[in-house]
Amino acid sequence: MRVGRVAVYAGLFVLGAVVGVAGALVQGGFFPAGLLLALVGAAGAFYGGGRAAGTRAGAVAPAAGWLVAVMLLTATRPEGDFLFGAGLGSYAYLLGGMAVAVMCATLGRGPQPTGSAARLAK
C-alpha cells in the first residue's frame, strides 16, 4: 500500500467524521428536512469516497469515520449531557446512516470497459 493511498483513506475517514458531526447537528435542528439532508450528505460521502478511490475501501473509510464520530456523540457525559435525544429522528439517522454505509460499501464496481473478447498476447 502506497503512502498516497493511505493519505486518501485517512482524508476520507476525516471527511466521514465531519459529515457525521454535521449530520448529527442538522438532523435534530431541522426535522424532518434536516434528517433527509444528513442522510443524503452521508450517502454522498460514502458513495463519493468509493468512486474517488475506485475501491470498496474508499467507501468504508468515510463510513468508519462517520460511525466513530456518531458513536462518540451518542455517549453521555458525566454531567448528563448528550447530543442525541431518544426520538424518532435520532434513531432514523443512526440506523439510516448505517444502512446507507452498508449499501455504498457493497455496491458493485461500475460498468467495465468493453473491448475485444480475445485474450491479449503476453
Side-chain angles (χ1 to χ4, degrees):
M1 200 178 240
R2 288 184 265 152
V3 176
R5 187 164 292 272
V6 171
V8 168
Y9 291 148
L12 289 172
F13 182 88
V14 171
L15 175 70
V18 169
V19 168
V21 171
L25 296 173
V26 169
Q27 65 85 22
F30 303 108
F31 187 78
L35 174 63
L36 182 62
L37 179 65
L39 289 175
V40 167
F46 305 154
Y47 183 73
R51 296 290 290 181
T55 63
R56 289 186 178 165
V60 171
W66 180 90
L67 185 64
V68 167
V70 169
M71 288 298 125
L72 288 175
L73 293 174
T74 59
T76 59
R77 295 181 19 186
E79 296 87 15
D81 299 335
F82 54 90
L83 189 61
F84 284 102
L88 177 67
S90 297
Y91 290 122
Y93 179 63
L94 293 172
L95 296 175
M98 286 187 245
V100 167
V102 168
M103 284 187 272
C104 289
T106 57
L107 279 175
R109 296 186 70 160
Q112 299 298 317
T114 59
S116 173
R119 293 182 58 182
L120 298 175
K122 290 187 177 184

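Side chains are part of it too, since the values below use all heavy atoms of this structure and drop only hydrogens, waters and symmetry mates.
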If you group Ile, Leu, Val, Met, Phe, Trp and Tyr by side-chain heavy-atom gaps below 4.5 Å, do [X] and [Y] land in one group?
X     : Y     : answer
Leu37 : Trp66 : no
Leu25 : Leu94 : yes
Val60 : Val18 : no
Leu73 : Tyr93 : yes
Val19 : Leu36 : no

Shortest non-hydrogen contact from [X] to [Y]?
X     : Y     : value
Gln27 : Ala38 : CB-CB, 4.2 Å
Leu12 : Ala61 : CB-CB, 4.0 Å
Gly58 : Ala53 : CA-CB, 3.7 Å
Gly89 : Leu35 : O-CD1, 3.7 Å
Ala69 : Ala17 : CB-O, 3.6 Å
Leu15 : Ala45 : CD2-CB, 4.4 Å

- Message: Whether the side chain of Tyr47 engages the backbone of Met103 through a donor-acceptor N/O pair (distance < 3.5 Å, no angle test) should be reported.
- Response: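 Side chain of Tyr47 to backbone of Met103: no pair is present.
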- Query: For Leu107 and Phe46, what are the C-alpha separation, side-chain angles and deciding distance, and is it a side-chain contact (heavy atoms from CB on, under 4.5 Å)?
  - Reply: CA-CA 11 Å; Leu107 279 175; Phe46 305 154; over 6 Å; no
